[in-house]
Amino acid sequence: KILLAQRSAAHKPINVQWVGNAPQLQLQMNTANTDKMESYSGQRMQIGQLKGAKTATLNMTLDEWTVLTLSLGLYATPISLAAGTVTGEELPSPIAIGDVIRLDNGFIDDLVIEAAAPLALGTDYRLESPSAGLIEFLTAQPDPLTADYEHAEIEGVTMFTSPPPERWLLLDGINTETGERVLLDLYRVQFNPVDDLNLITDEYGNMPLAGTVLFDPVNASDANLGGFGRVQAKADA
C-alpha cells in the first residue's frame, strides 16, 4: 500500500490516507558529478570525480481517481456541496426548439420548469442528462422560465487552485518472494502536475504522478531517519 500524509508542526505524519491500488512506484536517485581527466598520457583517462548535489525523484501510477489523488495531480482544492433544493433558478430566454441548457447544479431530480404554468416533461422538454443538469427543449419558449429541482450531495476539486502539494509518503510493502514486510518512508515528496490524464480510453484508466523528494533538515539531524527517507525491514530472529 502507498499512503500519503500531511506533516504536523512536529514534522510527524498526520492525516494518513491510502491512495488505492498503485501498480507502479519507482524511486530514482542521482548525484551531479564533475569528472577530472588527466592530460599527461595523451589518453585523457579519468583520474577523479567530484561528487555534487544529491537528488531523488519519484514516479508512481495510480489506478483510482479520488478527491485525494485528483487534488495531487491537478494542484486542486477539494470542494463539497450538501444535497439541497433549488427554487426559481432563472433559465436563458428566449428558448428555441432544440436548445440545450445547463442548470447550475448536476445530479438533479424532481425537476419542474415553469413559465406562466408548469411545462410538460416529454412534450415541452426532456432531460438530456440528469447527472450533468442538461435539458433539451422540444417547444419554443419565448417567455422567461424558472427551474425548481433537487440535487444530490456533490464532492469534487477545482483545478490549479492550490500550491504544489507536499506529502510524507509511506510504502507499506511486501516482499512477494519471502512474504516479509518492508517499509519505505520519504519525508517530503513534492508532486508535479499530472502530465497525461487519459479521460477517454479503451483500457483501464490510471493516473501517472511524478515528484521530487526534498531534503528534510529536521529529520536529517536524527541518524535513525536521515534527510530524505529510510527503508526498514524486520530483523531476523
Side-chain angles (χ1 to χ4, degrees), residues 1-2 4 15 17-24 60-165 167 191-211:
K1 288 185 175 182
I2 299 174
L4 297 177
N15 300 327
Q17 293 179 280
W18 180 38
V19 300
N21 190 58
Q24 182 205 27
M60 63 181 179
T61 302
L62 306 179
D63 278 350
E64 300 181 26
W65 295 12
T66 65
V67 169
L68 169 63
T69 57
L70 286 172
S71 296
L72 295 173
L74 302 178
Y75 283 17
T77 302
I79 58 172
S80 62
L81 178 65
T85 300
V86 175
T87 303
E89 181 178 317
E90 295 183 0
L91 304 185
S93 180
I95 290 176
I97 296 174
D99 281 355
V100 177
I101 66 99
R102 187 179 187 187
L103 299 172
D104 291 342
N105 299 281
F107 306 101
I108 66 166
D109 198 6
D110 296 332
L111 173 65
V112 176
I113 299 178
E114 296 182 278
L119 275 59
L121 177 63
T123 300
D124 296 310
Y125 68 95
R126 72 180 187 90
L127 283 172
E128 171 71 20
S129 171
S131 59
L134 294 176
I135 305 165
E136 180 184 6
F137 282 87
L138 308 176
T139 58
Q141 300 295 326
D143 298 326
L145 302 175
T146 60
D148 302 338
Y149 58 92
E150 295 180 354
H151 64 82
E153 181 180 0
I154 296 168
E155 63 176 15
V157 297
T158 55
M159 296 185 291
F160 275 124
T161 55
S162 177
R167 295 291 185 271
F191 288 98
N192 304 326
V194 61
D195 283 336
D196 190 1
L197 190 61
N198 290 320
L199 300 175
I200 298 179
T201 174
D202 291 333
E203 306 294 334
Y204 282 112
N206 56 43
M207 179 186 297
L209 279 181

Distance (rounded to the nearest 0.5 Å) between R167 CZ and L4 CG: 7.5 Å
Atom of A147, atom of L103 and distance for their closest heavy-atom approach: CB-CD2, 4.0 Å
Straight-line distance of L134 CG to R102 CZ, nearest 0.5 Å: 6.0 Å
Side-chain heavy atoms of P208 within contact of D195, under 4.5 Å: no
Heavy-atom check, side chain of V194 versus side chain of L74, under 4.5 Å: yes
Main-chain N/O of G88 paired to D148 side chain as donor or acceptor, under 3.5 Å: yes
Where at least one partner belongs to residues 121-133, residue pairs that pass salt bridge (Lys or Arg N to Asp or Glu O under 4.0 Å), sequence neighbours excluded: R126-E128, R126-E136
Non-hydrogen atoms of T69 and E64 that approach each other most closely: OG1-O, 3.1 Å
Euclidean distance, D99 CG relative to S93 OG, rounded to 0.5 Å: 10.5 Å
Spatial distance of atom CH2 (W65) from atom CG (L199) [nearest 0.5 Å]: 5.0 Å
Mutual orientation of the aromatic rings belonging to Y75 and F160 [parallel < 30°, tilted 30-60°, perpendicular > 60°]: perpendicular
Residue pair D63 / N206: nearest heavy atoms and the distance that separates them: OD1-CB, 3.7 Å
D109, I113, I135, V86 screened by side chain to side chain contact (heavy atoms under 4.5 Å, CB included) with Y149, the one that passes: V86
Contact summary for N192 and L209, nearest pair of heavy atoms: O-CD2, 4.2 Å
Closest contact, heavy atoms only, L70 versus A76: O-CB, 4.1 Å
Side-chain touch L119/Q141, heavy atoms, less than 4.5 angstrom: yes
Nearest-0.5 Å distance that lies between atom CD1 in I108 and atom OG1 in T85: 12.0 Å
Backbone of T77 reached by a side-chain donor or acceptor of T161 within 3.5 Å: yes
Expected output: side-chain E89 to main-chain D104 donor-acceptor under 3.5 Å: yes
Closest contact, heavy atoms only, Y125 versus V112: OH-CA, 4.5 Å
Approximate separation, where rounding is to 0.5 Å, of L81 CG and I154 CD1: 5.0 Å
